[in-house]
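Only one structure is covered here, and it is reproduced in the block below.
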Protein chains: 2
Amino acid sequence: MNIKDASARAGLPAKTIRYYEEVGLIRPLRDANGYRAFRESDVHKLGFLGRARALGFTIEDCRVLLSLYEDQSRASADVKEIAQKHLAQISDKIAALQAMQATLSHLVACCHGDDRPDCPILADLAPPG
Amino acid sequence: MNIKDASARAGLPAKTIRYYEEVGLIRPLRDANGYRAFRESDVHKLGFLGRARALGFTIEDCRVLLSLYEDQSRASADVKEIAQKHLAQISDKIAALQAMQATLSHLVACCHGDDRPDCPILADLAPPG
DNA sequence: CCTTGACCTTCCCGTGACTGGAACCCCTAT
DNA sequence: ATAGGGGTTCCAGTCACGGGAAGGTCAAGG
């Protein structure tokens, strides 16, 4: 299977697939003409990677998750730990964004938003003094 | 005022200040020895930039906001529009992160997390079929 | 006068996870 | 022979800096 079909099957851009090979997440075979030859197992891995990335795992997390996935003697605790750390980071990001959201939505609500220069948003951004 | 004092006053790393000059957000004077000479107005702008960045505005947003800030004849509607667009992006990011959070926290709760290989997290990441 | 150490300068590389594009090769159909 | 639609590599750019090297400047102390 060439890269375009693998791309369609995995739902990932060809560029992304080449990148995943570059960083060593997959190792497709090569045809005599140099074209990548994807096996079912490669497409399967790409699907795994696409889902893991969609959940926000980093490439390095994906590397570990993939190796755990393929290790039949893994401990589920190892997977859970990675997921929990990632969850904590997600929570941190959400909290930071919600803080921005709170401040900004308040300021936006206060700004009359017409052609007059008076603006509480800029007033808040200005340093005190 | 040299860069270290400006850094302390503005609460921004010296590296960041140099970067802001590089991208044209500030234009400090130069002493005869080539050192940057920060005026009060420069420090003031840096404070503005630090706050705007803390609210998640991009550098390009900051550039526009700063010009509006210094334009006494601005229309508050212009400021409000930028803030509203930014707010929309923040909301999108929060929603995406919350979706990840929901999926992941469910999977984490389902994973017993011991030394057995059975793991619903990996099972969910695996493509169907 | 010399040295030390804390400043300052510019310049270049690295970050994460790709994306776009150039330049070029391969294969099939017309 | 050529046109097109694959494929390949490699380089540059993204965003907002941070790290670190190489070297200039300045005030204080011996």
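Each chain gets a letter, A, B and so on, in the order its sequence line appears, and its residues count up from 1.
- Taken together through direct or relayed side-chain contacts under 4.5 Å among Ile, Leu, Val, Met, Phe, Trp and Tyr, L87(B) and I94(A) form part of one hydrophobic cluster.
- Around the CZ atom of R27(B), the shell of radius 6.0 Å holds no more than 12 heavy atoms that belong to other residues, nucleotides or ligands.
- Among the protein residues, Y20(B) comes within range of the sugar-phosphate backbone only, with heavy atoms under 4.0 Å from sugar or phosphate atoms but none that close to a base.
- Atom-to-atom, OH of Y19(B) to P of dG18(D) comes out at 11 Å; the value is rounded to the nearest Å.
- Nucleotide dT19(C) holds its C1' atom 14 Å from the CZ atom of R53(A), rounded to whole Å.
- Side-chain N/O atoms of K4(A) and base N/O atoms of dG7(D) include no donor-acceptor pair closer than 3.5 Å.
- Rounded to whole Å, atom C1' of dC18(C) lies 13 Å from atom CZ of R18(A).
- For R116(A) and D118(A), the salt-bridge test fails: no basic side-chain N is under 4.0 Å from an acidic carboxylate O.
- A salt bridge does not link R18(A) to E22(A): none of the charged side-chain nitrogens sits closer than 4.0 Å to a carboxylate oxygen.
- Nearest to the side chain of R36(B), among dT9(C), dC17(D), dT8(D), sits dT9(C).
- Here the nucleotide nearest the side chain of N33(A), chosen from dC27(C), dC11(C), dC18(C), is dC27(C).
- At a cut-off of 3.5 angstrom, the base of dG6(D) holds at least one donor-acceptor pair with the side chain of Y35(A).
- Between I17(A) atom CD1 and dT9(D) atom P the separation is 13 Å, expressed in whole Å.
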